[in-house]
Protein chains: 2
Amino acid sequence: MQDGTLHSPGNFEETIILRGDVYAAQCPTRQLLDRVGDKWSVLILTLIGEKSIRFNELKRNINGISQKMLSQTLRSLERDGLVIRTVEQTMPVAVSYGITPLGAELLSTLQALINWAETRMNAVSAAQILYDQRKETD
Amino acid sequence: MQDGTLHSPGNFEETIILRGDVYAAQCPTRQLLDRVGDKWSVLILTLIGEKSIRFNELKRNINGISQKMLSQTLRSLERDGLVIRTVEQTMPVAVSYGITPLGAELLSTLQALINWAETRMNAVSAAQILYDQRKETD
DNA sequence: CAGCATCCATGACGATACTG
DNA sequence: CAGTATCGTCATGGATGCTG
């Protein structure tokens, strides 16, 4: 019944104190899904995982990202210990981002999920079309 | 350089037509992350993966979910071909949700990610604390 | 070059009320 | 029991302008 997975059905007698959101916020799986589920984290992590890369190089490589979101997401990834920010004191300054061992670990885990998406999401799309057709004809 | 991963740096000459969001919307990895990144999908999928389960049984087991979100998420998972909805014509009707082969496949892939979260998110938390301390003292 | 600050629109989600 | 419908809120993220 392994407990602790998301906010899975724990049995707690004093449930009055625990509000749903508080419970969810503490859950490690919830925290991870919030991070990898956001719009840019996985893509950025993937690129940085290939090789260390500069800020504007990332920006050029990622189609459609704003510098606000690039900056913000990099800050979060850095804070989480998944990427490392290095400043070379040239003129002007050159900042590059690299992956940490922890980040590389996560990235390899994510690769399984990405592979699944790339090979099986067409099956999902097919299911969606079938579902929608069924709903049309009633 | 495997292309097609999220909206990774493709080289397209006619980039004027392609808007960022359109590109992103078509990406299978983006679609999957949108689904598993939402608030309830993974938890619901995990419970259904253990055994077929009734609507209100799910609701009771998931702390803090509204019936709107339970219903809505189940509909999405069903549409994606990840869970199957079965109606027994008793009085009143009994509806149960089970996992499909496709859903089971995804779930096993997700388990690796969940395991990583449960074992390594404390390292992430530690990194966050370190980062915040650094920022305080400047 | 590598950002931060601000404003604003959209969409996700929760609360509530109603139904076969 | 198993939902649908509607409304309000809040957070995510895009656009824009400014800085060392």
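In what follows, every chain begins at residue 1, and chains take the letters A, B, ... in the order their sequences are listed. Note that the structure is a prediction, hence the values are computed from the model and not measured. When reading the values below, keep in mind they use all heavy atoms of this one structure, side chains included, and skip hydrogens, waters and symmetry mates.
- For the pair B/Lys39 and C/dG14, the criterion of a side-chain N or O lying under 4.0 Å from OP1 or OP2 is met.
- Considering only the side chain of B/Tyr97, D/dG3 comes nearest among C/dC13, C/dC1, D/dG3.
- Nearest-nucleotide assignment on DNA chain C puts the 5′-proximal partner with A/Pro92, out of A/Gln72 and A/Pro92.
- The side chain of B/Phe55 lies closest to D/dG3, out of D/dG3, C/dC4, C/dC1.
- Rounded to an integer number of Å, the gap from CE of B/Met69 to P of D/dA2 is 19 Å.
- Contact between the side-chain N/O atoms of B/Arg85 and the OP1/OP2 oxygens of D/dG3 is found at a separation under 4.0 Å.
- Within a 6.0 Å radius of CD1 in A/Ile84, other residues, nucleotides and ligands contribute 12 heavy atoms or fewer.
- Between the side chain of A/Lys68 and the base of D/dG13 there is at least one donor-acceptor pair of N/O atoms closer than 3.5 Å.
- Remark: of the listed residues A/Leu106, A/Leu32, A/Leu102, A/Thr109, A/Leu102 is the sole one forming a side-chain contact (heavy atoms from CB on, under 4.5 Å) with B/Arg120.
- Taking only side-chain nitrogens and oxygens, B/Arg54 comes nearer than 4.0 Å to OP1 or OP2 of D/dA2.
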In sequence, state the C-alpha distance, the side-chain angles, and the governing distance for A/Glu78 and A/Arg75, and then conclude on salt bridge (Lys or Arg N to Asp or Glu O under 4.0 Å). CA-CA 5 Å; A/Glu78 185 194 2; A/Arg75 219 56 59 226; 3.3 Å; yes

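- Taking atom CG on B/Leu77 and atom P on D/dG3, their separation rounds to 13 Å, with Å as the unit.
- When the C1' atom of D/dA11 is taken as reference, atom CZ of A/Arg30 falls 14 Å away, rounded to whole Å.
- Distance from the side chain of A/Asp38 is smallest for D/dG13 among the nucleotides C/dG14, C/dA17, D/dG13.
- Distance, A/Arg60 CZ to C/dA2 C1': 12 Å, rounded to whole Å.
- Checked against C/dC1, D/dG3, D/dC1, the side chain of A/Asn56 finds its nearest nucleotide in C/dC1.
- The side chain of B/Ser71 contributes an N or O atom lying less than 4.0 Å from OP1 or OP2 of D/dT4.
- Note: CD1 (A/Ile44) to P (C/dG3) measures 12 Å, nearest angstrom.
- For A/Ser66, the listed nucleotide lying nearest its side chain is D/dG14; candidates were D/dG3, C/dC13, D/dG14.
- Between the CD1 atom of A/Ile62 and the P atom of C/dA2 there is a distance of 14 Å, rounded to whole Å.
- Separating the CD atom of A/Glu88 from the P atom of C/dG3 is a distance of 12 Å, rounded to the nearest angstrom.
- Residues B/Val124 and A/Gln31 form no side-chain contact, since every pair of their non-hydrogen atoms from C-beta on lies 4.5 Å or further apart.
- For the pair A/Lys59 and A/Phe55, the cation does not sit on the ring face, since its NZ or CZ is not both under 6.0 Å from the ring centre and inside 45° of the axis.
- With rounding to whole Å, A/Met91 atom CE is found 10 Å from C/dC1 atom C1'.
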